[in-house]
Amino acid sequence: VATVVAGLPGPALSDMANGETLFLQKCSACHLNGGNQIPLFANKDLSRKALAQNGLDTQEAIVSLLTKGKGAMPAYGAEAPPYSRFTDAQLNDVAAYVLDRAASGWSN
């Protein structure tokens, strides 16, 4: 299911189901339900407020973070090991999923 993510500069066509699958496979160990399981970084969860405070409230910013990684968070872009590398479309799918879930407060 492709979804246009609202509030982005220009429409971003993303596959939310794929974003969810990838998030559950690669991100949920640390960010289950939008939280942050690493106590040192508990303030860097995936809530709408924390994303905004950390300059990660756009799809482009999240894609950049996913691509390069930062601190304890691994990279998933072209420089990542082949077994954890995402395509550009997959990076956008995960970013769109995170923004969508943050907008809903990570509730069902």
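Since the structure is predicted, the reported quantities are computational estimates derived from the model, not experimental observations. We're numbering straight along the sequence, starting at 1.
Here the closest non-hydrogen pair linking D45 and S47 is OD1-OG, 2.8 Å. The two residues V63 and L91 make their nearest non-hydrogen contact at CG2-O, 3.8 Å. Among all heavy-atom pairs drawn from Q37 and L32, the shortest one is NE2-O, 4.0 Å. The shortest non-hydrogen separation linking A72 to F41 is CB-CE1, 3.9 Å. What you find for A61 and G55 is that their closest heavy atoms are CB-O, 3.3 Å.
A distance of 7.0 Å separates OG1 in T67 from CG in D88, rounded to the nearest 0.5 Å. In this structure, CG in L46 is found 7.5 Å from CD1 in I62, a value given to the nearest 0.5 Å. The OG atom of S64 sits 8.5 Å away from the CG atom of L56 when rounded to the nearest 0.5 Å. Once rounded to the nearest 0.5 Å, the distance linking OG1 of T87 with CG of N18 reads 7.5 Å.
Between K26 and S84, some side-chain heavy-atom pair lies under the 4.5 Å cut-off. Residues L51 and V98 have side chains in contact (heavy-atom distance under 4.5 Å, counting atoms from C-beta outward).
F86 meets the ring pair (Phe, Tyr, Trp, His ring centres under 6.0 Å) test with Y76; sequence neighbours excluded.
With 3.5 Å as the limit, one finds a donor-acceptor pair spanning the side chains of Q59 and N92.
The number of heavy-atom neighbours closer than 6.0 Å to CZ of R48, taken from other residues, nucleotides and ligands shown, is 12 or below. Annotation: K68, atom NZ; neighbour count of heavy atoms from other residues, nucleotides and ligands within 6.0 Å does not exceed 12.
In this structure, R85 contributes its side chain and E79 its backbone to no donor-acceptor pair below 3.5 Å.
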Start with the C-alpha gap between D15 and Q90, add the side-chain angles, then the distance that decides, and say whether side-chain contact (heavy atoms from CB on, under 4.5 Å) holds. CA-CA 8 Å; D15 183 338; Q90 289 172 320; over 6 Å; no
Could you give me the CA-CA distance, side-chain angles and deciding distance for D100 and M16, then say whether side-chain contact (heavy atoms from CB on, under 4.5 Å) is met? CA-CA 9 Å; D100 179 71; M16 293 295 227; 3.1 Å; yes
